[in-house]
Asker: 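The following block contains the structure, expressed as structure tokens.
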Amino acid sequence: MTIITFSDHSLEPSWQGQLQNAVRDPGQLADILGIEVEDIDTGFPLLVPRSYLARMKSGDPQDPLLRQVLPVGTELLKQPGYSTDPVAEQSIKGPRGLIQKYCGRVLIVTTGSCAVNCRYCFRRHYPYDSQRLSRDDWQALYEHIAGDCSITEVILSGGDPLMLNDRTLSSVTSELAAIPHLTTIRFHTRLPVVIPDRICDALLEWVDACSKQLVFVTHINHPNELDDSLSHALLLLKASGSTVLNQSVLLKGVNDDAAILTGLSRKLFSAGVLPYYLHLLDPVQGAGHFDVDERAGKHLIRQMSAGLPGYLVPKLAREVPDAPAKQVLIG
Ligand code: SF4
């Protein structure tokens, strides 16, 4: 008789298999967690992998992980000051897929796909379809970056850049690594948070082969997200020589509590990750119920500072449309 243990990774589906098997139906999610959910069409559907679902508490409709992914009726309320383009990036002109807001850095919207649909996402209304990158578009991006010596860092964003397969990512990082004035390639990702198996051997191979400094910024918002498998994945990434940082979004009813944020910082550090930014919510239509105001955010940072070494206290920041840099409020 074969005994299957939890740690027998060869018997678990690949990250792509887990993605295919993600829960997309609110009724199914309700059955799995033993809760009631609203029957609502927000235009931004439910998408949650089962490995993330497994970290939620059954029978608790207020679970902080559940609140991040469950569509609710309040998303349909139109609130003043909230827009479909909260950081004004849709009017930025440049090559397809490229956003340059800050000096020396450019961001590439690599894909519109994600492994999870986060209800607070500032790009939940982004016109990804009109920005899809063809092979020629990628070539034009490489040429643009190679032709501008002021660019030292490329940020791969999305969607989630780790949704690209490892063959594509290996090719993209090789092309970028061939540009002499680039020093750093940065990834902003939530995929390993919801499917830790995304940090697989094939990913570690191109990470290891890349000659530039690689920075991974994970998007972890709550300590319950950081279970043993995610910690293990993050430690593997760190051991590859990459810098691993975390940024969180301050979300009402999820992490607007000093003890929770302090616990998150401590757990991140145990997994080899330094907290970087705590973002105030970008005012995106549909997410107003998550808003925590600046005063409360500053108070939380002061409370965290009283119990943590400075390197574990994230900077409280907000994105200001058309500003030359992110606005750091405290930290
Ligand atoms: S993973 Fe990131 S880009 Fe995708 S929905 Fe969540 S916050 Fe938005």
Asker: Once rounded to the nearest 0.5 Å, what's the spacing between atom OG1 of Thr262 and atom CG of Leu308?
Answerer: 4.5 Å
Asker: Say whether Asp160 and Thr189, considering side chains only, have a donor N or O and an acceptor N or O under 3.5 Å apart.
Answerer: yes
Asker: Answer yes or no: is there a donor N or O on one side and an acceptor on the other, between the side chain of Thr218 and the main chain of Ile220, under 3.5 Å?
Answerer: no
Asker: Examine distances only and state if a side-chain atom of Ser270 and a backbone atom of Arg266 form a donor-acceptor pair shorter than 3.5 Å.
Answerer: yes
Asker: Have Arg132 and Thr111 got a donor and an acceptor in their side chains that come within less than 3.5 Å?
Answerer: no
Asker: Can Asp63 and Lys57 be counted as an ion pair, charged N to O under 4.0 angstrom?
Answerer: no
Asker: Please lay out, stage by stage, how Asn246 and Ser248 fare under the test side-chain hydrogen bond (donor to acceptor under 3.5 Å, both in side chains).
Answerer: CA-CA 7 Å; Asn246 184 66; Ser248 307; 3.2 Å; yes
Asker: Salt bridge check, Arg198 against Asp166: does any charged N sit closer than 4.0 Å to a carboxylate O?
Answerer: yes
Asker: Given Asp136 and Ser134, is the side-chain hydrogen bond (donor to acceptor under 3.5 Å, both in side chains) satisfied, shown in steps?
Answerer: CA-CA 5 Å; Asp136 286 350; Ser134 65; 5.2 Å; no
Asker: Apply the test side-chain hydrogen bond (donor to acceptor under 3.5 Å, both in side chains) to residues Thr168 and Asn165: give CA-CA distance (whole Å), side-chain angles for both, the deciding distance (0.1 Å), then the verdict.
Answerer: CA-CA 5 Å; Thr168 305; Asn165 64 42; 2.9 Å; yes
Asker: Determine, step by step, whether Ser150 and Asp148 satisfy the side-chain hydrogen bond (donor to acceptor under 3.5 Å, both in side chains) criterion, reporting the C-alpha distance in whole Å, the side-chain angles of both residues, the deciding distance to 0.1 Å, and the verdict.
Answerer: CA-CA 5 Å; Ser150 72; Asp148 184 345; 2.6 Å; yes
Asker: Does the side chain of Thr42 come under 3.5 Å of the side chain of Arg119 through a donor N or O and an acceptor N or O?
Answerer: yes
Asker: Classify the side-chain pair Glu89/Tyr126 by whether it contains a donor and acceptor separated by less than 3.5 Å.
Answerer: no
Asker: State, yes or no, whether a side-chain contact exists between Ser14 and Cys200 at a heavy-atom distance under 4.5 Å.
Answerer: no
Asker: Within 45° of the axis and under 6.0 Å from the centre of the six-membered ring of Tyr277, does NZ or CZ of Lys326 qualify?
Answerer: yes
Asker: Do Ile155 and Val87 land in one hydrophobic cluster if side-chain heavy atoms of ILVMFWY residues count as linked below 4.5 Å?
Answerer: no
Asker: With a cut-off of 6.0 Å (strictly less than), are more than 12 heavy atoms of other residues, nucleotides or ligands near NZ of Lys252?
Answerer: no
Asker: Do other residues, nucleotides or ligands put more than 12 heavy atoms under 6.0 Å from Lys212 NZ?
Answerer: yes
Asker: Regarding Arg190 and Tyr52, do their side chains bring together a donor and an acceptor under 3.5 Å, going by distance alone?
Answerer: yes
Asker: Do Arg50 and Gln18 have side-chain atoms, one donor and one acceptor, less than 3.5 Å apart?
Answerer: no
Asker: Say whether, by atom type as modelled, one donor and one acceptor occur between the side chain of Glu225 and the main chain of Asn221 under 3.5 angstrom.
Answerer: yes
Asker: Check the surroundings of atom CG in Asn21: do more than 12 heavy atoms from other residues, nucleotides or ligands lie under 6.0 Å from it?
Answerer: yes
Asker: What pairs of residues pass the ring pair (Phe, Tyr, Trp, His ring centres under 6.0 Å) test when at least one of them lies in residues 159-215, not counting sequence neighbours?
Answerer: Phe187-Trp206, Phe187-Phe216, His188-His219
